[in-house]
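All of these numbers come straight from a predicted model, not from anything done at the bench.
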Amino acid sequence: MFRETLTSKSLLNNINLNDTPEKLIKNFYELTKYVGLDKDCDKTFDKIAAILICNYKDKSILPAVANAIFLRHRKGLFTHNLIWAFFEAREPSSLNLIGSKLQSSNLKDIELAEELLSFIPGINGYRNTTNLNKYLHFTNWLEDNELFLKYTGESFQLTTNPCPYTIIYPAKYICKRVSVDTGKPITSLTKYEFNLLDEFNKLNNDFQKLLSNFSYAVYRQNLYFWNTWIHSPIKSQIRSARMGGIYYD
């Protein structure tokens with residue numbers, strides 16, 4: 001332990017946060033050896049992670065960041081700054097790094113994963129079920145919504161129950177992937193799609209969720225049926241969604 005402390009202090013003395021991204025990445029991975037062992041190393045680790053993610057848009061370090069978050073949480077150490085940096089990557093697929101911990105053999109890992117993913121609708125209802133059920137609920141939700149998530153910027157620094165991502169239901173309804181930064185479709189909409197959204201946006205939240213969830217489910221299963229359904233009157237669309245199948249007037 002004494003030798004590790006000397007080595008970590010020597011490493012810290014040679015770190016310059018204004019270094020090139022290449023040097024920062026090298027130092028970042030050197031610091032992973034001391035995660036949870038040295039308070040000063042942890043602080044510097046957090047700073048470098050934030051610089052690489054926020055300034056240089058480096059998402060390759062996210063697995064190491066996630067590992068550090070859960071390792072430090074097991075020891076009861078501070079994690080909020082590192083969690084903030086992790087989500088600032090604005091990468092919905094990185095939620096898999098958290099979701100995988102729902103199947104961990106370590107109870108603290110599961111508790112933290114549940115806390116970080118508590119914004120997912122219905123997931124809290126699986127707290128008293130098997131780890132596999134929790135994980136399957138998470139993976140199903142992510143598969144259904146990953147293309148339509150907008151980053152909100154909420155974090156534990158702002159609230160005790162942050163919701164880092166929100167679903168853009170109008171985009172899900174017309175099956176158009178959105179920018180995680182703006183929540184707007186990344187491809188241009190046709191005149192017909194604009195008209196569809198005019199009608200869609202007049203509906204209440206329950207009907208919007210019903211139609212968007214049904215639309216994307218049909219889109220993934222059968223593009224021909226989806227094209228037929230999406231070109232039907234919206235009342236017919238709602239009836240089909242309620243019945244769970246394509247309805248023709």
Side-chain angles (χ1 to χ4, degrees), residues 46-47 49-70 72-73 78-102 109-127 134-135 137-187 189 197 200-201 203-213 215-216:
D46 292 0
K47 290 177 183 178
I51 291 170
L52 289 173
I53 291 170
C54 299
N55 294 0
Y56 297 110
K57 313 303 179 186
D58 188 338
K59 300 178 183 181
S60 68
I61 66 170
L62 291 178
V65 171
N67 286 338
I69 289 170
F70 283 91
R72 277 158 54 176
H73 178 74
F78 185 71
T79 58
H80 284 185
N81 289 342
L82 199 54
I83 291 171
W84 171 83
F86 179 87
F87 281 108
E88 276 295 307
R90 307 176 185 219
E91 180 55 63
S93 66
S94 70
L95 293 174
N96 283 302
L97 297 170
I98 298 172
S100 64
K101 298 297 184 181
L102 292 170
D109 287 353
I110 297 172
E111 290 174 345
L112 179 58
E114 288 177 341
E115 183 179 9
L116 296 178
L117 299 174
S118 63
F119 68 93
I120 295 177
I123 199 167
N124 289 331
Y126 287 82
R127 283 182 180 265
K134 297 173 190 176
Y135 179 69
H137 179 77
F138 158 74
T139 55
N140 289 336
W141 179 87
L142 188 60
E143 184 179 353
D144 286 344
N145 298 290
E146 184 177 351
L147 301 181
F148 316 107
L149 295 179
K150 177 183 181 292
Y151 182 63
T152 67
E154 289 189 14
S155 68
F156 284 104
Q157 280 91 336
L158 301 174
T159 175
T160 55
N161 296 297
C163 178
Y165 292 101
T166 186
I167 301 169
I168 306 301
Y169 286 105
K172 188 174 182 180
Y173 168 61
I174 58 174
C175 302
K176 289 280 190 176
R177 183 173 190 162
V178 302
S179 161
V180 71
D181 296 316
T182 66
K184 296 180 180 180
I186 60 176
T187 58
L189 302 187
L197 292 182
F200 179 84
N201 289 327
L203 302 173
N204 63 35
N205 289 338
D206 289 337
F207 279 129
Q208 287 189 6
K209 291 179 181 179
L210 174 70
L211 283 184
S212 62
N213 290 335
S215 177
Y216 190 51

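- Between L117 and W141, the closest side-chain pair of non-hydrogen atoms is not below 4.5 Å.
- Ring geometry for F119 against Y165 counts as tilted: the plane angle lies between 30° and 60°, on a 0 to 90° scale.
- Within the structure, the salt bridge (charged side-chain N to carboxylate O under 4.0 Å, His left out) test picks out the following pairs touching residues 55-64 (sequence neighbours left out): K59-E91.
- Looking at heavy atoms from C-beta onward, L102 lies in side-chain contact with E114 at the 4.5 angstrom threshold.
- Side-chain atoms of Y126 and F138, non-hydrogen and from C-beta on, never get closer than 4.5 Å to each other.
- When side chains are defined from C-beta on, L147 counts as touching Y216, because their heavy atoms get closer than 4.5 Å.
- Qualifying side-chain contact (heavy atoms from CB on, under 4.5 Å) partners for N67, counting only residues two or more places apart in sequence or in other chains: K101.
- In this structure, T79 has no side chain to side chain donor-acceptor pair (under 3.5 Å) partners at least two apart in sequence or on a different chain.
- At a threshold of 4.5 Å between non-hydrogen side-chain atoms, the residues F87 and L95 count as touching.
- By the side chain to side chain donor-acceptor pair (under 3.5 Å) test, E143 pairs with R220, sequence neighbours left out.
- The shortest side-chain heavy-atom distance between I167 and K209 does not fall under the 4.5 Å cut-off.
- Counting heavy atoms from C-beta on, the side chains of L189 and L197 come closer than 4.5 Å.
- Residues meeting the salt bridge (Lys or Arg N to Asp or Glu O under 4.0 Å) test with E154, sequence neighbours left out: none.
- Residues in residues 159-186 take part in these salt bridge (charged side-chain N to carboxylate O under 4.0 Å, His left out) pairs, two or more places apart or across chains: R90-D181, K176-E193.
- Classified by interplanar angle (parallel below 30°, tilted 30° to 60°, perpendicular above 60°), the ring pair H80/F156 is parallel.
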